[in-house]
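We count ligands from 1, going down the list as the structure has it; atoms in each ligand are counted the same way. For reference, positions follow the sequence shown, starting with 1.
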Amino acid sequence: MCLATPAKIVGFNQDKILIEKDGATMEVSAFLLPKAKIGDWILYVNDLAIKKIDAEEAREILRLVESPRNKVKTELLSGKFKKIIEKAHQNDLNKGEIIYLLNSEGMEKDALLAEADITRRAFIKDFICIHGIIEFSNYCENDCAYCGLRSANGAIERYRMSIDEIKETAKQAAVEKGYKLLVLQSGEDNFYTDDMLVELIKQIKSVCRVFIFMSCGERGFECYKKMKNAGASGALLRFETSSQSLFTKIHPQGKNLENRIEHLRFLKELGYFITTGSLIGLPGQTIEDLADDILLIAPRAHMVSMGPFIPCDNTPMENCPAGDPEMNLKMIAVLRLLMPTARIPVTTALETLLGEDGRKRALAAGANALMMNLTPKKYRSLYKIYPGRFFDNDSLWQKYGLFKYEESYKMLEERMAKEIKRK
Ligand code: 5AD
């Protein structure tokens, strides 16, 4: 679940291992590695040495996760910018100040991203959490103008996974690979009755220890209550945009923003770990709208999910330009400053637009989690919310980001409970 950091052993102090970190020596507990010796490379999480790795792999991980740590010359930044950053740390930004940060370019943009990176490190250390997503059905009863799964799109092949298939996929992820948090996502598909979803959650929970986050749209209070009672921990539901008029425009049939926000309200009341966010770069969306998105997310969410809009063929928005990934990075950074301990995963849409370096850049802008696609291969390309979705084999990330230790499950449980309590 949490990506550990590689380090080289430089000495021992009784039962502790000494490692070098940023030029200084640091002590970590050695009880999992009784035979380690000076010069070995290890992975550690917090102050616990987890396992030995070879030097080559350690360097490769460092290359993947190291952020550029831009040198920002603070004396060249404007007084206004510095004042706004100071206020952001006190969770006290007004809309105008958020707009200022979202408009930042050049040196001030670099400084914003660097500040978010430092904030992430200060509050949550070098943790990068790895979560999995299983997209279990691409049927959808809605007709959202941006989404390739919209019901009016007759050009995609539809699939539904059976309860057994979803359970097996989840079990394999948790038991064999060490995933601790799985998002189960689908279009709004009422083929799966409340009882079926409840059964699914119960079955998964009975075969493996894993946190389940449901992402199946507006299913109403009763359904979410039953799913929570069955063992679901979190819910992922984006509000897509805080602009009333834009929301109505892109959701042609019967959807409204109040209802979506009402859903988020009662999900929180039910004790869910709330994941929400918006689409960045919708046609007609203004910087004011994006600032409002931030103001909507910050007080509500425990985890943020936002990504750039990507035009999808066979939708009414197929010819619209894609959202700006650089704006997405700035949005992540502002939210990290406002929500220092929140979970902010790098979304696949952002990775799709930024390419190779996307993960690294988003992590260096304050994100702290990755979402791996665990949908069985035969369905993966059919879950086409937008084209050209980024996938990689994630071999190295998964190899080093997933642990089956009891401690890492407990750690996640404690962190989520703390985050829920905080809001
Ligand atoms: N581009 C980017 N994200 C999209 N989503 C749907 N369609 C697109 C698109 N064309 C996102 C929505 C939804 C999530 C599951 O996928 O924000 O909430």
- Note on the structure: Logged contact type for I385 with ligand 1, heavy-atom cut-off 4.0 Å, is both

- Message: Give me the residue, atom name and distance of the protein heavy atom closest to atom 7 (N) of ligand 1.
- Response: Y146 CD1, 3.3 Å

- Shortest protein heavy-atom distance from atom 15 (C) of ligand 1, along with the residue and atom involved: Q185 NE2, 3.7 Å

- Task: Go through the steps to decide whether H263 and Y272 satisfy the test ring-ring contact (aromatic ring centres under 6.0 Å, His included), and finish with yes or no.
- Result: CA-CA 11 Å; H263 259 77; Y272 275 99; over 10 Å; no

- Checking heavy atoms under 4.0 Å, the part of P308 that sits near ligand 1 is backbone

- Item | Passing candidate, salt bridge (Lys or Arg N to Asp or Glu O under 4.0 Å) with E188, options K255, R219, R150 | K255

- Query: ligand 1 versus E240, non-hydrogen atoms closer than 4.0 Å: side chain, backbone, both, neither?
  - Reply: side chain

- Message: Using a 4.0 Å cutoff against the non-hydrogen atoms of C147, which atoms of ligand 1 qualify?
- Response: 6 (C), 7 (N)

- Task: Just need the protein heavy atom nearest to atom 4 (C) of ligand 1, so name the residue and atom and give the distance.
- Result: L279 CD2, 3.8 Å

- Report yes or no: does a heavy atom of M306 sit under 4.0 Å from some atom of ligand 1? no

- Query: Which residue owns the protein heavy atom closest to atom 11 (C) of ligand 1, what's the atom, and how far is it?
  - Reply: R238 NH1, 3.6 Å

- Donor-acceptor contact present, side-chain N94 to main-chain E97, <3.5 Å: yes

- Query: Under 3.5 Å between some N or O of ligand 1 and some N or O of Y386?
  - Reply: no

- Item | Heavy-atom pair with the smallest gap, counting every atom of R389 and N373 | NH1-ND2, 3.6 Å

- Quick one: closest heavy-atom pair of P252 and C144, and the distance? CD-CA, 4.2 Å

- Query: Does R160 make a cation-pi contact with F191 (under 6.0 Å, within 45 degrees of the axis)?
  - Reply: yes

- Heavy-atom closest contact (F239 atom, S278 atom, distance): CE1-CB, 3.8 Å

- Nearest-neighbour protein heavy atom for atom 9 (C) of ligand 1, which is reported as residue plus atom name and distance: I310 O, 3.4 Å

- Residues R120, D117: salt bridge by 4.0 Å N-O rule: yes

